[in-house]
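Order of appearance sets the numbers: ligands from 1, and atoms from 1 within every ligand.
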Amino acid sequence: MALRLLMLGPPGAGKGTQAARIAGDHGVPKISTGDMLRNAVASGSSLGHLVKETVARGALVSDDVIVALVRERLTEPDTASGYVLDGFPRTVNQAEALDGLLDGAPLSVVEIRVPDDELVRRVRGRRICERCGTTVSAFDGDPSQAQACKVCGGRLVQRSDDSEQVVRDRLKVYWRETQPMIGFYEGRTTFRRVDGAQPPMAVYQAIAEAIAAMGVKG
Ligand code: AMP
């Protein structure tokens, strides 16, 4: 049965990690607009050139560019049995566009909430594999210890937009532009909020229970 899930939450809430896990459980792709944009920048494509500076300073890429990217991605065959969206939508305009793309198909929405100071602490500690894009949380230990990606052995680096100043700017953007969009979903019966300040396994269980409780499939 298809699962169409939208994971909402600020940078550092753990949505990417949890989205990957839930997507794996359900055998559907995780669609992360952040990953797609980083890949475009790394490959030097025309999209990459267009968005590079915006992503580097933690601002939002224009709705038109993002919606076109997602529209195209959702035509790929692997999305036929569902997907987990991570990092899209981020504005009311994008949320409205997603409703149009869904064309009546059901959508489960889970918001992960974490206090801002904890988010900054986590994001400063995280590292990303420059080869395969896997994110490693280093906030439980010394970030300098993490050196190689457990998945592919690639080098772990800090995302250029994970510096403390850019993270604080990204959080401002989140509260200003993305949090209002949550009002678009929170009145729906298919919306749940989970406490993301718990240990990752507890957050995962809360999300899995929320998905089961919503029972949205099809
Ligand atoms: P993320 O990996 O989701 O934190 O995204 C990294 C960066 O990509 C963001 O700070 C934005 O610059 C850009 N980005 C990702 N998704 C979107 C989106 N849905 N709308 C606008 N910009 C986005």
Checklist entry - Considering only heavy atoms of Q94, which atoms of ligand 1 have at least one such atom less than 4.0 Å away? => result 18 (C), 19 (N), 20 (N), 21 (C)

Next on the checklist: Suppose we measure from atom 22 (N) of ligand 1 to each protein heavy atom; which comes out shortest, and what is that distance?
Outcome noted: V61 N, 3.1 Å

Checklist entry - Under the side chain to side chain contact (heavy atoms under 4.5 Å, CB included) criterion, do T33 and V70 qualify, and how do the steps go? => result CA-CA 8 Å; T33 42; V70 174; 3.6 Å; yes

Checklist entry - Where the closest heavy atom to atom 14 (N) of ligand 1 is concerned, which of L37, V41, D63 has it? => result L37

Next on the checklist: Please classify the L60 to ligand 1 contact at 4.0 Å (heavy-atom distances, strictly less than): side chain, backbone, both or neither.
Outcome noted: both

Checklist entry - Is G87 in polar range of ligand 1, meaning some N or O pair under 3.5 Å apart? => result yes

Checklist entry - Are any side-chain N or O atoms of K15 and backbone N or O atoms of G9, one a donor and one an acceptor, separated by less than 3.5 Å? => result yes

Item to check | T33 neighbourhood, listing ligand 1 atoms whose heavy-atom distance to it stays under 4.0 Å | outcome: 15 (C), 16 (N), 17 (C), 19 (N)

Item to check | Protein contact of atom 11 (C) of ligand 1 - nearest heavy atom, named by residue and atom, plus distance | outcome: A59 O, 3.3 Å

Checklist entry - Can you find a non-hydrogen atom of R159 under 4.0 Å from ligand 1? => result yes

Checklist entry - R57 near ligand 1, heavy-atom distance under 4.0 Å? => result no

Item to check | Top protein contact for atom 9 (C) of ligand 1, by heavy-atom distance | outcome: R90 NH2, 3.8 Å

Checklist entry - Can any side-chain N or O of T190 pair as donor or acceptor with the backbone N or O of S108 at less than 3.5 Å? => result no

Next on the checklist: Quick test: of every protein heavy atom, which one is nearest to atom 10 (O) of ligand 1, and how far off is it to 0.1 Å?
Outcome noted: R170 NE, 3.9 Å

Checklist entry - Between P89 and ligand 1, is there a nitrogen or oxygen pair with a distance under 3.5 Å? => result no

Next on the checklist: Side chains of Y174 and D116: any donor to acceptor distance under 3.5 Å?
Outcome noted: no

Checklist entry - Between R122 and D162, is there a side-chain N and carboxylate O pair less than 4.0 Å apart? => result no

Checklist entry - In terms of residue, atom name and distance, what is the protein heavy atom nearest to atom 7 (C) of ligand 1? => result V55 CG1, 4.0 Å

Next on the checklist: Ignoring hydrogens, what is the shortest heavy-atom contact between D161 and V166? Give both atom names and the distance.
Outcome noted: O-CG1, 3.4 Å

Checklist outcome for this item: Test side chain to side chain contact (heavy atoms under 4.5 Å, CB included), reference M7, set L85, V194, V109, I112, output is I112

Item to check | Over 12 foreign heavy atoms within 6.0 Å of CZ, R155 | outcome: no

Checklist entry - What closest approach, in Å, do Y185 and F191 show between heavy atoms, and which atom pair accounts for it? => result O-CB, 3.4 Å

Checklist entry - Short list, please: which atoms of ligand 1 are under 4.0 Å from a heavy atom of R38? => result 2 (O), 6 (C)

